[in-house]
Amino acid sequence: MNRPLSILLIGRTHRAEFREAAAHLAHYGQVLTACDTAEAEDLLAEGLPAADLIVLAQSFPGEISVRALDCLRRLAPLSRIVGLMGSWCEGEVRSGEPWPAVIRVYWHQWRDRCANELARLGSHRPAAWALPATATEEERLLLDSREPLPTGTGLVVVRSAGFEMADWLCDACRRQGYAVLWLDQRRIPRIEGATAGLLDLPDAGEEDFAELQQFAAQLRPAPVLALMHFPRTQDVRRAMQHGAAGVLSKPLQIEDLLGRLAYACAEQAE
């Protein structure tokens with residue numbers, strides 16, 4: 001039985017890229033918000049019960065300092081801390097000073113990672129977010145690989161011009177029980193009875209969105225998931241307007257892909 005989690009959400013969650021993430025957290029427990037770390041520190045110093053999870057929503061590099069992070073750790077030493085990163089933080093790992101020992105999840109990855117991890121935490125199952133703060137990304141991935149992934153049925157149509165990406169997507173779907181058909185841009189046959197579609201979009205240009213619209217119309221009523229490199233909020237909005245049932249960001253984890261695929265298929269079946 002899942003138990004409701006206690007969550008402290010810190011940051012400017014009114015920003016467009018954080019709104020969905022903030023709303024999604026409410027499905028897993030009681031969420032208390034603070035507009036910045038100073039307000040959060042006051043709440044914790046006044047005796048706020050320890051949160052299971054502290055989520056730091058950072059819009060741009062340096063918005064929340066390492067010093068403020070250390071203060072939160074002293075005030076809530078048993079709380080797990082996860083960074084919800086905005087679009088401007090994508091280059092921070094290469095050229096900035098990212099927070100030490102904090103799991104980073106970008107806003108466009110949040111829905112899938114949050115669903116997986118908070119469901120596990122609430123049901124006392126092994127969760128990557130429950131590992132020590134010093135755990136590496138490899139250790140978190142190894143733990144995730146132990147969790148059974150949703151089994152699927154039906155036909156998934158994969159459209160990608162790149163063989164490597166298409167091969168990875170097809171193999172992942174086959175391993176979970178789906179039948180798979182791969183299309184490249186040169187083949188546009190008539191398809192009936194598809195369960196879902198996966199479209200690998202190289203960019204976010206007019207031609208790419210036109211291809212998405214065509215592919216979605218071709219497979220309708222089957223849901224189509226678009227795969228995009230580090231999408232911005234406007235990219236996600238345009239993809240949905242052109243027929244996508246959801247957007248996944250690249251690089252992506254197989255757990256995120258198969259979890260979203262199972263959700264989209266179940267939603268369509270209803």
Side-chain angles (χ1 to χ4, degrees), residues 4-45 48-122 127-130 133 137 140 228 230-237 246-249 252-253 256:
L5 299 171
S6 173
I7 302 167
L8 176 58
L9 176 59
I10 305 170
R12 297 190 290 172
T13 55
H14 64 278
R15 292 177 59 89
E17 58 190 352
F18 295 145
R19 286 178 198 150
E20 183 183 10
H24 198 248
L25 279 172
H27 294 293
Y28 297 92
Q30 182 178 7
V31 181
L32 185 64
T33 60
C35 64
D36 54 30
T37 55
E39 182 179 350
E41 289 168 15
D42 289 341
L43 291 171
L44 292 169
L48 175 74
D52 296 298
L53 184 71
I54 295 177
V55 178
L56 300 176
Q58 177 163 268
S59 308
F60 54 84
E63 181 181 21
I64 298 176
S65 68
V66 174
R67 181 178 179 182
L69 174 64
D70 289 341
C71 184
L72 289 174
R73 282 195 170 121
R74 287 194 298 271
L75 291 169
L78 299 181
S79 299
R80 302 170 183 89
I81 299 180
V82 175
L84 169 58
M85 319 307 294
S87 298
W88 288 101
C89 297
E90 288 166 2
E92 187 181 37
V93 175
R94 298 186 300 273
S95 57
E97 296 182 2
W99 299 319
V102 172
I103 297 172
R104 298 168 63 86
V105 183
Y106 294 104
W107 70 273
H108 43 71
Q109 301 170 325
W110 184 263
R111 174 176 172 173
D112 304 296
R113 303 282 168 85
C114 176
N116 290 335
E117 293 299 324
L118 295 190
R120 294 176 192 177
L121 289 172
W129 288 7
E137 184 65 18
R140 288 191 285 268
M228 306 178 72
F230 293 106
R232 301 292 190 260
T233 52
Q234 61 268 28
D235 298 330
V236 174
R237 184 170 58 251
V247 176
L248 287 161
S249 65
L252 72 160
Q253 294 183 6
D256 294 349

Notebook entry, point to check: Could you state the interatomic distance from CG (L25) to CZ (F18), rounded to the nearest 0.5 Å?
Noted result: 12.0 Å
Next item on the list: State, to 0.1 Å, how close A40 and A34 come at their nearest heavy-atom pair, and which atoms those are.
Entry: N-CB, 3.7 Å
Checklist line | Closest contact, heavy atoms only, R104 versus P98 | finding: NH1-CB, 3.5 Å
Next item on the list: Measure centre to centre between the rings of H24 and Y28, then say whether the value is under 6.0 Å.
Entry: yes
Next item on the list: Can you see which heavy atom on G83 is nearest to which on V102, and at what distance?
Entry: N-CG1, 3.6 Å
Check: Looking at OG1 of T37 and CG of L69, how far apart are the two atoms once the value is rounded to the nearest 0.5 Å?
Finding: 9.5 Å
Check: L56 and side chain to side chain contact (heavy atoms under 4.5 Å, CB included): which partner among L9, L72, L8?
Finding: L72
Next item on the list: Could you tell me how the ring of Y106 sits relative to the ring of F230: parallel (under 30°), tilted (30 to 60°) or perpendicular (over 60°)?
Entry: perpendicular
Next item on the list: Can you see which heavy atom on C89 is nearest to which on P61, and at what distance?
Entry: SG-N, 3.8 Å
Item checked: Presence of salt bridge, E117 and R140, under 4.0 angstrom -> no
Note to self: For E41, I'd like to know if atom CD has over 12 heavy atoms of other residues, nucleotides or ligands within 6.0 Å.
What the structure shows: yes
Next item on the list: First locate atom CG of D52, then atom CG of L78, and finally report the distance between them rounded to the nearest 0.5 Å.
Entry: 10.0 Å
Check: Should D235 and H108 count as side-chain neighbours, where that means a heavy-atom distance under 4.5 Å?
Finding: no
Next item on the list: Please examine the side chains of T233 and E20, heavy atoms only from C-beta on, and report whether any two atoms are closer than 4.5 Å.
Entry: no
Next item on the list: Quick one: closest heavy-atom pair of I64 and A57, and the distance?
Entry: CD1-O, 4.1 Å
Note to self: Counting neighbours of CD on E39 that are heavy atoms of other residues, nucleotides or ligands and sit closer than 6.0 Å, is the number greater than 12?
What the structure shows: yes
Item checked: Distance, nearest 0.5 Å, that separates CD1 of I81 from CH2 of W99 -> 9.0 Å
Next item on the list: Starting at CD of Q109, measure out to CD of Q253 and round the result to the nearest 0.5 Å.
Entry: 7.5 Å
Notebook entry, point to check: So do the side chains of L53 and L118 get within less than 4.5 Å of each other, counting heavy atoms only?
Noted result: yes
Check: What do the steps show when you test S87 against W107 for side-chain hydrogen bond (donor to acceptor under 3.5 Å, both in side chains), and what is the final call?
Finding: CA-CA 7 Å; S87 298; W107 70 273; 2.9 Å; yes
Note to self: Once rounded to the nearest 0.5 Å, what's the spacing between atom CD of Q58 and atom CZ of R15?
What the structure shows: 11.0 Å
